[in-house]
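This report concerns only the one structure given below.
Excluded from the calculations below are hydrogen atoms, water molecules and symmetry mates; all remaining heavy atoms, backbone and side chain alike, are included. Along the sequence shown, residues are numbered consecutively beginning with 1.
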Amino acid sequence: MGAAPSTPRGGARPQDAAENLMAAFVGEKPYPLSSDFWNQLLELPLTLQWPQDRVLQACQLCAQHNYHTNHLAKILIHLVWCLQDLISTSSGSATAYRKSVNAAYISSVFLKFIIENAKGANFEELHLNLDKDEKRQCDLPTDQSIEVFIIRGMLSFVGSSDVSPRTCLLHHELLNLMLVAMSTQLCSGPSPGPKDVHPFIDAAMLQESGVVASTVRKLLLNFITRPRFPFDGSTYPFSPEGNQSGVLQRVGSVAANFVLLPYYTFNYLLSSSSAGARSPLAEKSLLVLLVLVHYRKCLVVKSLTDNNLGDVDSTTYLRESSSFYENPYCKALENARDIQFDRVDIEGNAHNGPLVRLPFASLFDTLGLCLSDETSVLLLYSLVHGNSDFLEYVLVRTDLDTLLMPILETLYNASRRTSNQIYMLLIILLILSQDSSFNASIHKLMLPSVPWYEERLLHHTSLGSLMVIVLIRTVKYNLSKLRDIYLHTNCLAILANMAPHVHRLSAYASQRLVSLFDMLSRKYTKLAELKNDKVIKVSADQIEGVSLTEDMSPEIHIYTDFLRIVLEILNAILTYALPRNPEVVYAILHRQELFQPFKNHPRFNELLENIYTVLDFFNSRMDMQHMDGEWSVDKVLQVIIINSRSWHGDGMKMFTQLKFTYEQESHPEEFFIPYVWRLVLAQGFNFSPHAINLLPVELSGDDALSGEQGEQIV
């Protein structure tokens with residue numbers, strides 16, 4: 001190929017011109033910012049086809065020569081100038097749009113290659129610098145870095161420009177470029193360190209509050225409105241001829257497989273035959289938002305040279321002694337307010353950081369439609385955890401089934417979801433269950449049917465009963481498949497928060513609740529028997545016996561705690577809501593033999609005293625009945641309902657109500673940053689596996705994308 005990509009044989013003159021311009025861009029001769037070369041390059045229709053090896057060679061040449069040509073920085077600067085022209089005029093010209101799209105696309109291809117193949121952690125190969133004289137000649141701010149100037153230009157356009165059939169493609173290419181620019185995170189380790197260098201996303205963190213607020217607002221509005229436009233060549237600033245692909249289309253996974261040249265992007269973005277409500281622009285907007293919101297820039301408080309460190313591991317010390325700059329995008333999301341009602345105006349309270357106004361009603365409805373998508377689940381988590389106004393809005397909605405039904409359906413199909421998605425959904429439910437009004441209202445909302453529940457027909461069941469059923473089913477699935485302690489704990493914590501507010505729990509939900517105790521007690525008994533067997537064998541094989549016994553003891557303690565929580569759940573229902581839950585009383589009466597083996601257990605006896613007080617009361621009332629023939633379910637229920645009216649809780653011990661709340665661990669970024677990028681990769685962002693240090697590169701299947709959730713409840 002020589003110093004530049006060779007001209008294809010038999011090419012027409014316009015094609016030759018395009019080849020020569022691209023060859024000049026990746027060549028060794030530097031072109032100044034003021035050169036007309038840039039206008040010629042960016043006005044190309046880009047209708048040539050290059051094979052993958054040609055594009056790879058072009059990327060290699062660009063990376064080789066960029067250190068003295070600075071062409072990557074220059075084309076990005078020209079992109080910003082084009083965007084500024086579009087912002088400053090009410091209706092930008094077709095040429096300006098074409099140049100902007102081309103600049104964004106070409107930049108993303110070469111930028112991604114350089115990031116993937118950077119030899120050091122500082123990404124010096126980007127060479128995002130110009131000498132001061134050239135900056136002055138082109139009216140560039142001399143007190144501002146090139147990356148800050150570039151990011152400000154892109155975010156300003158995204159935040160201020162409406163998405164329309166004319167601008168949709170440009171917005172899509174800019175969001176693609178943003179993901180590429182921020183993908184330096186993939187090259188860093190899972191724990192952010194003070195020496196990590198991420199030029200573009202760090203530059204995004206330095207933007208003024210107005211740019212931040214408008215960006216967050218527009219990205220969320222894209223998610224809400226889910227823009228989809230039918231393709232109409234006359235609507236767009238340019239239309240490629242025929243069905244030819246562009247000059248950089250055949251880049252392949254080596255350089256920029258995930259971004260395709262405009263014509264293919266038209267078909268992907270704007271086809272009227274796209275399935276359902278899928279909106280690539282909405283999906284890309286949400287990914288960019290999540291990357292921005294969950295980024296953390298690390299700084300170190302103390303020096304590692306402290307003489308008192310001794311033999312402390314340097315990585316551990318760095319982790320524990322570091323803190324993070326405040327993320328303005330996270331703050332903007334937390335400060336988002338409903339466009340229909342703003343408590344600030346009424347109470348006069350000031351809020352720190354930028355203020356974003358959104359239609360909460362539309363956001364709520366859109367989330368309800370999109371929760372099958374893992375990125376939407378993470379957005380919902382980010383909102384209910386960080387934004388108290390949105391959480392309050394959710395809690396006062398009377399149609400909670402809009403959110404809860406897709407959540408419960410996803411939990412029902414847990415085997416087909418990633419473990420991280422299940423964790424996120426359970427944490428969302430845990431946060432909601434911390435509110436007593438939520439726990440009360442879900443039992444008042446009746447569902448005519450639950451078509452996706454296959455084990456049995458569920459007709460006219462309450463949303464609260466369905467939630468109990470699905471949570472218990474999730475515990476059973478976890479016990480048999482995942483065996484994840486955090487998942488057990490989350491499910492039981494939600495049930496414990498719900499328990500005092502249970503109202504007319506259905507027969508099936510009541511049976512499932514008692515069967516949960518049965519299932520966990522069987523597991524506990526099995527572990528206890530195995531432990532006892534090993535203790536007996538200690539004298540025969542001292543080392544083996546002690547080792548196995550010690551290994552098993554923590555698991556026994558865990559299941560002891562689980563059983564105690566289930567007993568506390570039953571106690572809370574019987575103590576605070578017995579007259580309203582005859583089916584729970586019936587289920588306990590029907591399976592009362594399950595509790596006998598634990599009656600004298602030191603961890604359970606005080607809780608079982610209340611259960612036996614209830615059993616004794618209703619058993620005695622049953623004995624007082626003179627029945628002709630055998631007892632039926634309806635007859636037993638009738639006795640329970642009648643005698644519940646005279647139940648006053650005499651002899652019941654009052655225990656402190658269990659109240660579980662959710663807390664992030666001290667370093668949530670170690671979970672969320674890799675998790676967000678897993679989602680980016682899962683949605684088609686191809687990145688060279690050898691360059692990824694943030695997460696495991698084996699990305700085959702959901703299990704490979706799932707990792708251990710770094711969250712806890714207290």
Side-chain angles (χ1 to χ4, degrees), residues 468-469 472 475-476 479-480 488 491-492 495-496 499 502 505 507-536 552-553 555-579 581-625 627 630-633 635-637 639-641 643-644 647-655 658:
V468 169
I469 293 166
I472 293 171
V475 172
K476 295 185 72 173
L479 189 63
S480 62
H488 270 343
C491 290
L492 295 177
L495 290 169
V502 167
L505 198 66
Y508 184 53
S510 301
Q511 295 164 18
R512 294 288 86 201
L513 191 56
V514 175
S515 73
L516 175 61
F517 180 85
D518 182 27
M519 176 182 60
L520 294 175
S521 65
R522 289 174 186 270
K523 179 69 174 178
Y524 171 86
T525 302
K526 183 178 180 180
L527 289 170
E529 290 174 351
L530 287 171
K531 179 181 178 182
N532 291 336
D533 288 344
K534 302 308 175 188
V535 171
I536 292 171
M552 213 170 299
S553 293
E555 194 171 6
I556 289 179
H557 290 315
I558 288 168
Y559 278 91
T560 301
D561 291 339
F562 287 162
L563 278 173
R564 184 172 175 87
I565 292 174
V566 175
L567 289 175
E568 296 223 36
I569 291 169
L570 293 172
N571 258 271
I573 296 173
L574 298 177
T575 302
Y576 300 102
L578 185 148
N581 292 284
E583 293 288 1
V584 176
V585 177
Y586 177 87
I588 293 173
L589 280 170
H590 184 63
R591 303 292 303 278
Q592 55 189 286
E593 74 282 353
L594 296 176
F595 306 102
Q596 185 62 40
F598 302 94
K599 193 171 184 180
N600 297 318
H601 193 291
R603 290 290 307 278
F604 306 139
N605 57 355
E606 60 178 1
L607 292 168
L608 283 168
E609 285 179 12
N610 277 353
I611 291 177
Y612 273 97
T613 298
V614 173
L615 287 172
D616 292 343
F617 177 85
F618 285 98
N619 280 329
S620 66
R621 299 305 188 273
M622 297 276 293
D623 293 339
M624 294 168 58
Q625 300 295 317
M627 296 295 299
E630 296 185 359
W631 286 94
S632 66
V633 174
K635 290 178 181 178
V636 174
L637 269 176
V639 171
I640 292 172
I641 292 170
N643 287 280
S644 292
W647 166 260
H648 300 296
D650 297 336
M652 296 284 282
K653 291 184 178 179
M654 300 296 290
F655 295 99
L658 284 182

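Summarising the geometry, atom CG belonging to L527 is positioned 9.5 Å from atom CD1 belonging to I558; distances are rounded to the nearest 0.5 Å. Taking CD1 of I611 as the start and CG of L574 as the end, the distance is 6.5 Å to the nearest 0.5 Å. Remark: L658 CG to R564 CZ distance equals 8.5 Å, nearest 0.5 Å. Interatomic distance, OG1 of T575 versus CG of L570, reported as 10.0 Å (0.5 Å rounding). In this structure, the separation between CD on Q511 and CG on L516 is 13.5 Å, given to the nearest 0.5 Å. Interatomic distance, CG of L563 versus CD1 of I556, reported as 11.5 Å (0.5 Å rounding).
Smallest separation of non-hydrogen atoms from S644 and I640: OG-O, 2.6 Å. The two residues Q592 and Y612 come nearest to each other via the heavy atoms O-OH, 4.1 Å. The two residues I565 and A496 have their closest heavy-atom pair at CG2-CB, 4.5 Å. Here the closest heavy-atom approach between residue L607 and residue N571 is recorded as O-ND2, 3.0 Å.
Taking the six-membered ring where the residue is Trp, Y524 and F598 present tilted rings, their angle falling between 30° and 60°.
The main-chain N or O of V639 is never found under 3.5 Å from a side-chain atom of R621 such that the two would form a donor-acceptor pair. Using modelled atom types, one side-chain atom of H601 and one backbone atom of R603 make a donor-acceptor pair closer than 3.5 Å.
In this structure, the side chains of F595 and S521 stay at 4.5 Å or more apart for every pair of heavy atoms. Looking at heavy atoms from C-beta onward, W647 lies in side-chain contact with M652 at the 4.5 angstrom threshold. Using a 4.5 Å cut-off on side-chain heavy atoms (C-beta onward), L479 and F562 make no contact. Between W631 and Q625, the closest side-chain pair of non-hydrogen atoms falls below 4.5 Å. Put simply, the side chain of F618 reaches to within 4.5 Å of the side chain of L578, judged on heavy atoms. For the pair N610 and V614, the minimum side-chain heavy-atom distance is 4.5 Å or more. Taking the side chain as every heavy atom from C-beta outward, V475 and L495 never approach each other to under 4.5 Å. At least one side-chain heavy atom of F604 sits less than 4.5 Å from a side-chain heavy atom of T560.
At most 12 heavy atoms of other shown residues, nucleotides or ligands fall within 6.0 angstrom of atom CZ in R522.
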I'd like a table of donor-acceptor pairs (distance under 3.5 Å, sequence neighbours excluded) in which one partner is a side-chain atom from residues 581-590, with atom names and distances.
from, atom 1, to, atom 2, distance (Å)
N581, OD1, R504, N, 3.1
N581, OD1, L505, N, 2.9
N581, ND2, V502, O, 3.0
N581, ND2, A577, O, 2.7

### Message
Test side chain to side chain contact (heavy atoms under 4.5 Å, CB included) on V468 and R512; report intermediate values, then the result.
### Response
CA-CA 8 Å; V468 169; R512 294 288 86 201; 5.6 Å; no

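Classification of K653 and E606 as a salt-bridged pair fails, no side-chain N sitting under 4.0 Å from a carboxylate O.
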